[in-house]
Each structure stands twice: as C-alpha cells, then as structure tokens.
Amino acid sequence: MAKRRRVLALFSGTLISGLVLSGCLGNPPNRDGTSAGSASTPIPVASNANLEVKTISLGYIPILEAAPLVIGVHKGFFARHGLEVNLSKQSSWGSARDNLVLGAAGGGIDGGQWQLPMPQMISEGAITNGKKVPMVILAMLMSQGNGIAASNTVKDGNLTVDLKTSSPGFFDKFSQKQGRKFKAAYTFPKANQEIWIRYWLAAGGVNPDQAVELLKVPAPETLQGMRNGTMEAFSTGDPWPTRIAKDDIGFLAATTAQIWKSHPEEYLAVRSEWVDKHPKSAVALLKGLIEAQIWLDKPENKDEAATILSSRKWFNVPLPVLQAALKGQYKLGASGTPETNPAMGPLYWNSDRGVISYPYKSLTLWFLIESIRWKFFPGTVETVAQAKAINDKVTREDLWRQAAEEVGVPAKDIPTGSSRGKETFFDGVVYDPENPQAYLNSLKIKK
Ligand code: CA
C-alpha cells in the first residue's frame, strides 16, 4: 500500500482526468502482473512524459487476434501510458493494406493487426503494386485460435488434422464424384490463412496446387458461402470456425493449435516512419499492449473480454460464440466432439514456449520460408538469404524488451535472443531456424 500511495503521489500532479476515470479502467495489472486493486480505485497514468506523439491510428479485423488492441483501448491500457489509440475496423485485409499505404496523414492508418508476411511484403512493395512502405513488426498479438472449418456436405470425408489417417484418397474421390475439385477458401491470399490450409493439406499428402481449388472469399460471405457450396473448407480465425460449427453449417476439421502448438499467428506492425520518429510512443504502445495481453490471458477475465468484444462497437458477434472461442471450447471433427482445453485455444501471453507477445525473428521468418516453399512472391523472396535479409529489417525486438522491462515483466519472461529454437509440427516435420533450407528440403510437397 505504501508503494501505491507513493506512486499516486508521484503522479498526482500530472493526472489527466480523461485518463483516470475511476471504474472504467477496471483492473490494469500492477508491475508484478497482479491486479491493481478494485475497479473504483483511480489508476494513475503510468507514464506519459515526453512522448513524441500522443495518438496513433491502428486498423483491426474483428477476429480474436484483435482482442489485445480492443482491450487495450477499451480498458485504458494504452491511455495509462499516455497514448490514445484510434482503432478502426477494416472491411478486409486488402483495405487494411491500402489504408496503411495511405498512412494516417493521408486518411489511412499508421499500422495495426496483420497476417504475415503482409508487413514484410508491404515493406518490399510485393503486394502494393511496387510501392514500398517500410514497416516494423513489434509484437505477436495472439497464438492459436484459428482453424480449418469444413462443410457438413463433406462430413463423410471425416476430415481431421491428420488427413493421412482420417481421410485417405478423399480429395480424389471428391473430384471424381462431383466433377470438380474440393474448394478451400481464405479471405486474403499468400498469408496465414492460406499458409495454414496449404500446410494441413500437404502434411496429409494432398498437393494443394493439384488436388483442390484454393480461392479467396470475402469474410462477410463465408457463412453463406459454406451453406451454398461456394467452398467446402475455410481457413480463418475465430469467431468464424466456432460460428460455422454453432450454426451447424459445418465442423471444425482441424485447429491450428493441433497443427503447430503455440504457433505464430497475427502481429502488431506499424509504419517504420512512425516508429523511427516516435520511439517513446512506440514503447508506450507496446506497454499498453503487453498489459492488455496479460489481462486477456487470465481465465477470470475471459467473460468480460467476450462481453466487450461482442458489443456492437467492436465485433458485433453473439456473446456465446466469443465466450466459447476465448475459453478454447471447441466442437471438433465431423462428430462434433465437445472439447474444452484452454491450452489449445487462443493464447495472448503465456504458452508452453514462453511469452507469446515477443516478436521472435525465428517465427516471423517462417512465413517467408513458407512463401519460398509455395513460390508466393517470385522476384522478391526466392532464397533463404533474401528471406532473412527482409525479415531482419522488418522485425524489431528491442522496443518490446524495453517496454516489457518498463512495465515490470519479470526478467525470466523477457527473451534475450531472436530464436525460439526448433519448432515441431504435428506431422513430425522440424523447422530449425538455424537451417531453414533443411526444413525446405525436408518438405515432400511444395511448388
Ligand atoms: Ca488469423
């Protein structure tokens, strides 16, 4: 208590009423990660001194990956550090990219939530008609919480994470019977969603460039599309797979957590120009994010998080869908076997591989290695050396470490290096970041 009074005294001269609304902030974590007291206790502004700029415009897509940004704004974690985050919903990944190219000064955004390797490829001009807009990857927003949903029309295929055992010959039989290929969709090409579906198929001995048709479907059309046969499978983040299962349109064939436990998913990335000009503000952004992620990961906060996210202001999605998804309550496989395992659900802070939020270069690099595997960006990323050079420019770990130290993350939870070490997938394939070429060579199906 003595320490707390001292903190209040220290900041009492600089309290800004708008940032210290009692009650609305809830319980932001203390320096030790514990709750800072009752919701009615006024929370001091932790630090707002000397920020180069006090606002940032970020974009988000209404899926679980955006939760740390939404919670950071809604519960005042960013404001606590003197930064006002203007968070705007993006109608699609393509619009987010276009708004990033515009920048906040041009009516767009400074950064936000991204599938990888979007920030690397925007930096290289590979998905922006050649216009290079350098970006910085600052933190991972979430791990797991994604999946591959399949339509009830293919229930007899018994699709699971391991297609080799559950569904041998299924995709060829489907083509023969239907006179067309099985269709698998995502909402943005050449990034996480497509990479997960390709990994899953190829691990099952199915060549995604031959045995199926891969297509892009706009997010609002996904539920209807699965109903009317636009596609048989869909790779995405929750709430969509849970919603498809809940509405009995389809089932969850595989979760990304089954494919690769504690895998890298989506990231916070911002224009380099903004970070270079405003390094202190970038650290403030990361401090609020880290606190939001710690808060989100606590089981006792899941219901409150679901309530906030489900509101019209944010996701506008039925509350039970988000409650189930946030708690890792899935109905798996064609039989819809209920399973509750938070360790296999979305992770925001802790994992069996340490802190999720830290932007390990070894993990952000993997998406470029997969891009080589599938020849996504010819002329830009064709070799491991090119991938490493691009990734080293775009992924930045030092600001995260500074922010973590300043909000009191224990030293044991702050990684010191750039590699999380070897990664093992469900099919036994190993990605050793020290030797990505060996990983590429080991993959039987590639383009
Ligand atoms: Ca995702």
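Order of appearance sets the numbers: ligands from 1, and atoms from 1 within every ligand. When reading the values below, keep in mind they use all heavy atoms of this one structure, side chains included, and skip hydrogens, waters and symmetry mates.
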Indicate yes or no: does Lys327 engage Asp303 in a salt bridge with an N to O separation below 4.0 Å. yes
Does the distance from a Lys or Arg side-chain N to an Asp or Glu carboxylate O, for Glu273 and Arg271, drop under 4.0 Å? yes
For the residue pair Trp114 and Trp93, categorise the inter-ring angle as parallel (less than 30°), tilted (30 to 60°) or perpendicular (more than 60°). tilted
Distance alone, cut at 3.5 Å: any donor-acceptor contact between the side chains of Gln90 and Ser88? yes
Could you tell me whether the side chains of Asn441 and Gln437 share a donor-acceptor contact shorter than 3.5 Å? yes
Within less than 3.0 Å, report the number of protein N/O/S atoms around the Ca ion (ligand 1). 4
For Ile356 and Met140, the nearest pair of non-hydrogen atoms, with its separation, is O-CB, 3.3 Å
